Amino acid sequence: MSERLTATPAGVNLGPLNIVPDGGARNYVLEMKAGRFHGFVIRKGDAVHGYVDRCPHMGLPLAQELDRYLTRDGRLIACSWHGALFRIADGQCVGGPCSGTHLQPWPVTVQDGDIVTV
């Protein structure tokens, strides 16, 4: 079994911006020589925010259903296992069992209409 990574190299093209619905999220799994990376990207207009898909509370992936990272109103990231809530802009936990911690950022940006790792 390969190691679960917490970072990716810069310059990995994840696809066009519109692959992530505006106000939504998308899961990414990248297989690399050193292991497998699990992350997700949230889109707000032309801005994207990326995080490693691991809750700081128990180390589990946040979503039990593919691409279901946000609360119903789309304002916060939610851990579907234990109800932790995180701000989209900085990954800070604002409620639930991991208060005071934050999600690990996955640096991504938009370049020429594509989502790219930084």
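All residue numbers in this chain count up from 1 along the given sequence. On a predicted model such as this, the values are computed, not experimentally measured, just so you know.
At a cut-off of 3.5 Å, with distance as the only test, a side-chain donor of Tyr69 or Asn27 sits close to an acceptor on the other residue.
The main-chain N or O of Pro9 is found under 3.5 Å from a side-chain atom of Thr117 such that the two form a donor-acceptor pair. A donor-acceptor pair under 3.5 Å is absent between the side-chain atoms of Thr101 and the main chain of Pro56, judged by distance alone. Put simply, the side chain of Gln104 gets close to the backbone of Thr6: a donor and an acceptor are under 3.5 Å apart.
Residues Val52 and Phe37 meet the side-chain proximity criterion, which asks for heavy atoms closer than 4.5 Å. The closest side-chain heavy-atom distance from Leu62 to Phe86 is below 4.5 Å. Taking 4.5 Å as the limit, some side-chain heavy atom of Ile88 sits within range of a side-chain heavy atom of Leu70. At least one side-chain heavy atom of Thr8 sits under 4.5 Å from a side-chain heavy atom of Met32.
For the atom pair CG of Leu30 and CG of Leu5, the computed distance is 9.5 Å after rounding to the nearest 0.5 Å. Here the NZ atom belonging to Lys44 is positioned 8.0 Å from the NE2 atom belonging to His49, to the nearest 0.5 angstrom. Distance check: Leu76 CG to Arg87 CZ gives 9.5 Å after rounding to the nearest 0.5 Å. Of the inter-residue distances, the one linking Ser99 atom OG with Gln92 atom CD reads 8.0 Å to the nearest 0.5 angstrom. Separating the CD1 atom in Ile77 from the CD1 atom in Ile42 is a distance of 3.5 Å, to the nearest 0.5 Å. In this structure, Arg43 CZ and Ile115 CD1 are separated by 8.0 Å, a value rounded to the nearest 0.5 Å.
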So Val41 and Trp106, side chain to side chain contact (heavy atoms under 4.5 Å, CB included) or not? Walk me through it. CA-CA 8 Å; Val41 171; Trp106 179 31; 3.8 Å; yes
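For the residue pair Pro61 and Arg4, the shortest heavy atom distance occurs at CG-NH2, 3.9 Å. The two residues Val108 and Gly50 have their closest heavy-atom pair at CG2-N, 3.6 Å. Closest of all the heavy-atom pairs between Tyr51 and Leu103 is CD2-CB, 3.6 Å. Considering every non-hydrogen atom in both Cys93 and Cys98, the closest pair reads SG-SG, 3.0 Å.
A continuous path of hydrophobic side-chain contacts links Leu14 to Ile19 [ILVMFWY only; heavy atoms under 4.5 Å]. Transitive grouping of hydrophobic side chains (ILVMFWY, heavy atoms separated by less than 4.5 Å) keeps Leu17 and Phe40 in distinct clusters.
Of the options Asp114, Asp112, Val110, a side chain to side chain contact (heavy atoms under 4.5 Å, CB included) to Pro16 is made by Asp114 and by none of the others.
Around the CG atom of Asp73, the shell of radius 6.0 Å holds more than 12 heavy atoms that belong to other residues, nucleotides or ligands.
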